[in-house]
Every structure is written in structure tokens, then in C-alpha cells.
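Working notes, structure below.
The basis for the numbers below is simple: all heavy atoms, side chains too, and nothing from hydrogens, waters or symmetry mates. By convention in this document, chain letters (A, B, ...) are assigned in the order of the sequence lines, proteins followed by strands, and residues within each chain are numbered from 1.
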2 protein chains.
Amino acid sequence: MSAITVSRALREPARVAEETRRAVLRAIARLGYVPDLVAGALASRRSRIVGAIVPTIAGAMFADTVQGMSDAVHAEGYQLLLGAHGYDLGAELALVQAFIGRRADGLIVTGVQHAPATRRILAASGLPVVETWDIGRRPLDMIVGFSNFRAARAMAEYLLARGYRRLAFISGPLRAHDRSRPRRDGFRAGARHAALVELHMTDGSDMRSGAKAIVELLARDPKVDAAFFVNDTMAAGALMECTRRGWPTPGRVAIAGFGDFEVAAAVAPALTTVRISGYEIGRRAALMLTARLAGKEVSHAIVDLGFEVVARDSA
Amino acid sequence: MSAITVSRALREPARVAEETRRAVLRAIARLGYVPDLVAGALASRRSRIVGAIVPTIAGAMFADTVQGMSDAVHAEGYQLLLGAHGYDLGAELALVQAFIGRRADGLIVTGVQHAPATRRILAASGLPVVETWDIGRRPLDMIVGFSNFRAARAMAEYLLARGYRRLAFISGPLRAHDRSRPRRDGFRAGARHAALVELHMTDGSDMRSGAKAIVELLARDPKVDAAFFVNDTMAAGALMECTRRGWPTPGRVAIAGFGDFEVAAAVAPALTTVRISGYEIGRRAALMLTARLAGKEVSHAIVDLGFEVVARDSA
DNA sequence: CACTCGAATGTTAGCGCTAACATACTTTTA
DNA sequence: TAAAAGTATGTTAGCGCTAACATTCGAGTG
């Protein structure tokens with residue numbers, strides 16, 4: 001029995017006689033043979049590896065997305081090579097190069113902003129790429145996400161419709177290329193007929209930072225009646241701080257978040273937020289990629305998963 | 001200039017004349033050459049890939065660990081191949097096989113319980129392995145974690161010392177091989193002189209499940225005066241539910257969690273919990289592995305990161 | 001019954017790199 | 001000053017697999 005027969009028995013069972021296939025499987029079990037996928041990848045020029053790049057894994061935001069990618073990718077028989085760039089476009093470039101060097105069959109990246117060198121290398125590689133977590137005008141290739149601008153604008157409109165008149169936008173550090181910026185711009189657009197205060201915390205976008213922010217905000221401008229946070233983690237932190245200080249929400253100040261993380265529905269009062277599904281973004285991105293790799297025509301190369309303003313008790 | 005010179009210029013710059021090295025780098029930049037790490041891995045029999053297997057990526061528990069592994073692994077010039085098995089030992093086996101097939105240089109797995117076939121294959125592979133999130137008597141190879149048993153026991157002792165007399169242990173589904181079991185056993189051991197109620201929710205270990213659990217618990221046994229949850233997520237969910245119902249914590253019932261997740265310090269009242277660092281577990285595991293791969297003698301193959309009962313307001 | 005055809009299996013070459021050994025040339029040392 | 005020891009680069013072979021092209025053989029066809 002030659003090597004190629006074993007190879008075929010494992011990869012294309014239909015092209016091998018039933019009896020041969022069974023003999024191969026028996027021999028493999030007996031010998032504990034584990035096919036070398038590295039050698040296979042070199043010979044076939046397909047690695048069955050998907051590279052994924054997120055800003056950060058920790059935190060509710062992208063952990064779900066990574067889970068979605070992981071689930072979908074494994075279900076399709078691929079492996080997930082993961083990298084986090086910490087909001088550094090240079091680090092993103094390094095990861096893209098490393099993943100291309102690993103001969104990943106396709107890449108999933110976060111956002112639509114990339115260093116020029118990154119765009120160039122991706123284009124030159126000819127690999128299928130999915131951008132996520134945003135919808136841009138000219139995607140590199142495929143894209144799955146939603147409009148951060150419109151989502152934030154919808155929240156501003158919701159707050160105005162509820163009668164709030166002096167709004168605040170609160171974010172963590174505003175990096176050049178994260179999702180805070182379009183959300184701020186969208187919120188500004190929606191709040192253009194109202195007073196708007198902006199506060200950018202420099203020390204993170206976590207619960208502690210949210211707690212600090214709401215105190216700082218109301219000290220600076222006590223008349224603010226509704227605060228929109230760039231994510232639910234910050235918003236929940238702020239909400240808890242209000243509880244601690246006995247400030248009723250929305251009585252003293254209304255609070256809204258973004259993301260509909262698990263914590264949003266669970267806090268008391270429940271958090272008004274914008275629902276988007278990080279898991280679904282990851283899953284769909286992975287499925288689009290593997291479908292393309294399977295030679296299927298991906299008709300919808302731009303998938304807008306949309307968003308939904310979820311009205312709860314806090315605003 | 002031969003291929004090997006290019007290879008050396010990139011991998012061992014010191015072994016190539018300065019001038020040659022510069023010429024190589026110039027040519028690489030001009031041609032846009034990206035070394036094929038797959039071919040390199042095949043030839044050198046080292047892939048510079050670390051395989052990591054966690055039960056789940058979503059949720060505060062392991063996302064931090066994955067982040068820690070990712071950071072450390074990239075800093076050492078490795079790539080992270082990630083898999084999640086969803087608490088299924090068969091899926092864990094499949095991932096181990098896939099990662100060995102990918103010729104990962106080493107593996108990081110979660111927990112100390114593995115299918116016999118998994119242990120066999122890992123041993124046969126001869127790869128360095130780090131187990132995490134627990135401390136076992138006979139590790140496969142290296143291990144970094146803490147004693148879930150002792151941590152939970154310490155919490156029981158803390159609660160008794162605070163004067164609580166009727167304790168409850170609340171977890172999600174008790175799987176054969178997750179960290180709930182040693183925590184339950186430890187809590188039992190610490191609570192042996194007190195009344196103990198156990199409640200295992202079948203529908204998850206998230207905030208919603210925690211909220212449901214506390215209601216169910218007090219309906220079943222109104223005299224319980226302190227409830228210990230298997231993780232902070234559940235505990236925070238319960239805490240919020242109490243707030244919602246106007247049950248003072250710890251007035252009506254004391255609540256304690258596990259993990260010292262971000263939410264623990266942020267909720268009101270702040271959550272009494274057991275502090276352990278998921279990030280540090282991931283980071284240390286990765287560093288131990290890469291140190292071993294670099295040929296360094298890893299003297300402490302068993303790293304107990306310990307734990308700390310953090311007394312806050314809820315218990 | 002020679003012939004085509006298709007199913008099952010085999011042979012050959014090569015994927016792009018690097019380990020190991022070889023060579024050319026320079027510097028040090030006895 | 002010739003041998004020894006380094007420094008820089010090159011040559012060869014092969015890592016373990018699979019694409020592409022044989023080959024074999026039995027079944028169906030005219």
C-alpha cells in the first residue's frame with residue numbers, strides 16, 4: 001500500500017475502495033500515525049488555517065467574536081490562528097505578515113482602518129479577507145458588521161425622543177482606528193439639536209473607568225440628563241457608581257450603553273443599550289471565509305448585521 | 001547569493017556579514033518576499049506554534065487567560081493556535097490531535113482531567129505540555145494554577161468566621177471535568193461544621209442563571225444566610241437580583257463569588273470573592289512553555305499561583 | 001474477442017525551506 | 001611560514017506530504 005493511498009483514504013474516502021479504506025484506518029489506529037499537516041500544507045498549498053486578528057481578547061467585546069470564529073472555523077475543518085494587536089496598527093501589520101507567512105488560507109481582521117502597508121500586503125497576497133465590526137464604503141474584500149455611526153446616532157435620537165435634552169458621550173481613550181470614533185460621530189450627528197458634552201477617559205474603557213467618568217461628568221456639568229457610554233462595560237460601571245452614591249438612574253441621570261453585553265440585562269436598573277452580536281459577527285465572518293475557500297460564490301460580500309436600540313430601565 | 005544565506009540573514013543575523021545582511025534585507029523589501037514558515041517548519045521540525053485549548057473563550061473566566069497566552073507567546077516570537085472544546089473531553093482529544101498534526105511545538109491545556117486517549121497521545125508525542133487552572137498531584141508535564149479545592153475551602157472558612165451558619169454552594173451544570181467539582185468539594189470540606197445546601201443550575205453559569213439560582217435557593221431554604229457561587233458572573237447576577245427585589249446583601253443573604261472578575265469590585269455592594277488571575281495563568285503557562293522550548297531548564301514545573309479571599313461588602 | 005472505459009492504485013517529482021556538511025578565504029598561532 | 005582555527009558562504013539532500021500523470025485490471029461494448 002503506497003503513501004498516496006493512505007493520503008487519499010483520509011482526504012477523499014470516496015476515491016478508495018471500501019476495504020482499502022478500512023485497512024488504512026486500522027493500520028493508522030494500530031501505529032498511532034498522525035498525519036503531518038505541515039507537510040500536507042506545503043505540498044497542497046492549502047493550510048486549512050484561518051488567521052484572525054482582534055484588538056484585544058479580554059473583555060466582553062471581542063471574546064464573543066473570537067468564540068464565534070472558533071466555533072465556525074472548527075466546524076468547517078479549519079484551525080484558528082489568533083492574534084491581538086492592542087489597537088496598534090503596526091502590530092496589526094506584523095500579525096498580517098506572520099499569518100501570511102504561515103500560509104493561512106484566509107484572514108479575518110477587525111475594523112476597516114489599516115496601515116497602508118497592511119492594505120498593500122493583503123492585496124498582494126491575494127488571500128480572501130473579511131473585515132469585521134464595521135461597515136465601510138470600500139471593503140478590502142468581504143465585510144461583516146454594522147454601522148457604528150448609525151447605531152450611535154439611533155441612540156442619540158432615542159434619548160432625545162425620551163425627552164432628554166443635555167446629552168453626554170463618554171468613551172475610553174479615542175484611538176485613531178477603533179470603533180469609538182464613528183460612534184462619537186454618529187452620536188454627534190443624532191444630538192445636533194441638543195446640548196452635547198464629550199468626555200474621553202484616558203485610562204481605559206472598563207467598569208472602573210465608567211464609574212470615574214460619571215462622577216467627573218456630573219461634577220463638570222451637573223445639568224447633563226443622559227449619558228451614552230461607548231460600551232456596556234463602562235455604562236454598567238457608571239450605573240453601579242450611581243447606585244452606590246444614591247443617584248437614581250434615570251432620575252438623576254439616564255445611562256445608556258452599547259453592545260448589549262450580558263451585564264446589560266442583568267444590572268439593576270437594567271441597562272438601555274444598542275444590541276449587536278459579537279458572536280454572530282465572528283461566526284458569519286468565519287463562514288463567509290470558509291465558503292469562499294470551498295470555492296462557493298459568496299454573493300453577499302457585504303453583510304450588515306444591523307443593530308437594535310434596546311430600551312430598558314436606565315434611560 | 002544562495003538561498004541559505006537569505007535564510008541565515010533572517011534567522012541568525014550574527015552569522016552573516018553586516019553588508020550581506022543589508023543587501024538581503026534590501027532585496028526582500030524590493031521583492032516583497034515573505035518567507036514560507038510552513039516550509040521552514042517542515043525542514044527545521046520546529047513550527048514556532050503553541051497550541052492552546054480552553055473550555056470556552058467567551059466569558060470572563062478564560063478570555064483573560066487567552067489574552068495572557070497570546071501576549072506572552074507573541075512576545076517570544078511564537079504564534080497561538082487556539083481551540084475551545086466546550087467542556088467535551090472528546091472535542092479536547094480532537095483538538096490535541098489536530099494541534100499535534102500541525103506540529104505545534106508545545107501545548108497548553110485547561111484542567112487536569114483528560115480522556116485516557118488524550119493522555120496517551122500527549123505522552124507519545126513527547127511535546128512539552130502545560131496544564132492550567134488547577135494543581136494536580138501528577139501533572140502530565142508542567143502545570144500552573146492554584147488549588148480550587150483549597151480556595152473554595154478558604155471561602156467556606158471565611159464565611160463561617162464571619163458568623164454565617166447556613167451556607168449554600170451554587171454552580172452551573174456540574175460537568176465531570178470542570179473546576180466546579182473541586183470547588184464544591186473544597187467548600188464542603190470547609191463547611192463540614194455547618195449546614196450546607198447545594199444547588200446546581202442546569203442552564204448555564206451566567207448572570208441570568210445566578211439570578212434565578214438565588215431566588216430558587218431562598219424559596220427552597222429561606223434560612224440560608226450565605227451563598228457561595230462558583231464564579232463571580234453568577235454571583236453578580238444573584239446580587240443584582242437581590243437589589244432588584246430589595247433583599248439587602250448581606251442583610252437578607254450574604255453572597256460570595258469566585259475569580260475576582262472585573263465585575264466583582266464594580267457592583268454595589270462590592271462582591272466578596274476569591275482572587276485568582278486568569279491572565280497570569282495564561283501568561284505564565286506560555287512563558288514556561290517557551291522557556292522550555294528555548295532549551296532552558298524549567299526548574300519549577302509546578303507553579304502554584306495561589307489565591308486570596310477578598311473581603312468586600314457582600315459577605 | 002479486441003477494445004474502450006472507468007475504478008483503484010501506484011510512480012515521480014517537487015512544494016520552499018534548513019541541517020549538515022563542504023569549501024574558500026582570512027587571521028591567528030607556534 | 002606553515003599549520004590550525006576561525007569566518008563567510010555554498011552545496012546537497014531531504015523534511016512528509018500531494019498534484020499530476022501513469023499503470024493495472026475487470027466490466028461493459030460493438
Side-chain angles (χ1 to χ4, degrees), chain A residues 1-28 30-49 51 77-79 81 97-105 121 124-127 293-295, chain B residues 1-28 30-49 51 77-79 81 97-105 121 124-127 293-295:
Chain A
M1 180 161 35
S2 72
I4 191 71
T5 302
V6 177
S7 175
R8 278 201 275 252
L10 293 173
R11 294 179 305 121
E12 317 165 274
R15 292 174 60 125
V16 147
E18 178 57 21
E19 193 185 357
T20 312
R21 198 180 60 80
R22 270 207 293 268
V24 168
L25 293 182
R26 235 179 297 121
I28 283 176
R30 184 161 45 79
L31 301 172
Y33 166 76
V34 179
D36 187 328
L37 301 179
V38 172
L42 180 62
S44 68
R45 304 158 154 289
R46 304 188 317 118
S47 62
R48 294 198 79 82
I49 280 184
Y78 286 75
Q79 232 70 50
L81 208 49
Q97 283 183 305
F99 289 179
I100 291 176
R102 295 276 177 206
R103 294 300 182 262
D105 289 339
I121 287 176
S125 75
L127 291 177
L293 291 172
Chain B
M1 181 160 37
S2 71
I4 191 72
T5 303
V6 176
S7 175
R8 277 200 276 253
L10 293 173
R11 293 180 306 122
E12 318 166 274
R15 291 172 62 127
V16 147
E18 177 58 20
E19 193 185 356
T20 312
R21 197 180 61 81
R22 272 207 291 269
V24 167
L25 294 182
R26 236 178 297 121
I28 284 176
R30 185 161 44 80
L31 301 172
Y33 166 75
V34 179
D36 187 327
L37 301 179
V38 172
L42 181 61
S44 68
R45 305 158 152 288
R46 305 188 317 117
S47 62
R48 294 198 80 80
I49 280 184
Y78 285 76
Q79 232 71 51
L81 208 47
Q97 283 183 305
F99 289 178
I100 291 176
R102 295 274 176 207
R103 294 299 181 263
D105 289 339
I121 286 176
S125 74
L127 291 178
L293 291 172

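Taking atom CD of residue E12(A) and atom C1' of nucleotide dG10(C), one finds them 15 Å apart after rounding to whole Å. Between the CG atom of D36(B) and the P atom of dG14(C) there is a distance of 18 Å, rounded to whole Å. To the nearest angstrom, P of dC17(D) lies 16 Å from CZ of R46(A). Rounded to whole Å, the distance from CD1 on I4(A) to C1' on dA7(C) is 16 Å. Separating the CG atom of L10(B) from the P atom of dA19(C) is a distance of 13 Å, rounded to the nearest angstrom. Going from atom CG of L42(B) over to atom P of dC15(C) covers 13 Å, rounded to whole Å. Rounded to whole Å, atom C1' of dA7(C) lies 15 Å from atom CD of E19(A). The interatomic distance linking R102(B) (CZ) with dG16(D) (C1') rounds to 14 Å, in whole Å.
As judged by a 4.0 angstrom heavy-atom cut-off over every strand, V16(B) is placed among residues touching the sugar-phosphate backbone only.
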Side-chain donor-acceptor contacts of residues 35-44 of chain A below 3.5 Å, not counting sequence neighbours, with atom names and distances?
{"residue": "D36(A)", "atom": "OD1", "partner": "V38(A)", "partner atom": "N", "Å": "2.8"}
{"residue": "D36(A)", "atom": "OD1", "partner": "A39(A)", "partner atom": "N", "Å": "3.0"}
{"residue": "D36(A)", "atom": "OD2", "partner": "R103(B)", "partner atom": "NE", "Å": "3.2"}
{"residue": "S44(A)", "atom": "OG", "partner": "G40(A)", "partner atom": "O", "Å": "2.8"}
{"residue": "S44(A)", "atom": "OG", "partner": "R46(A)", "partner atom": "N", "Å": "3.3"}
{"residue": "S44(A)", "atom": "OG", "partner": "R46(A)", "partner atom": "O", "Å": "3.3"}

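Evaluation of atom-type donor-acceptor distances gives a pair under 3.5 Å for the side chain of R8(B) against the base of dG10(D).
Counting only distance, with no hydrogens or angles, the side chain of R15(B) and the backbone of R8(B) share no donor-acceptor pair below 3.5 Å.
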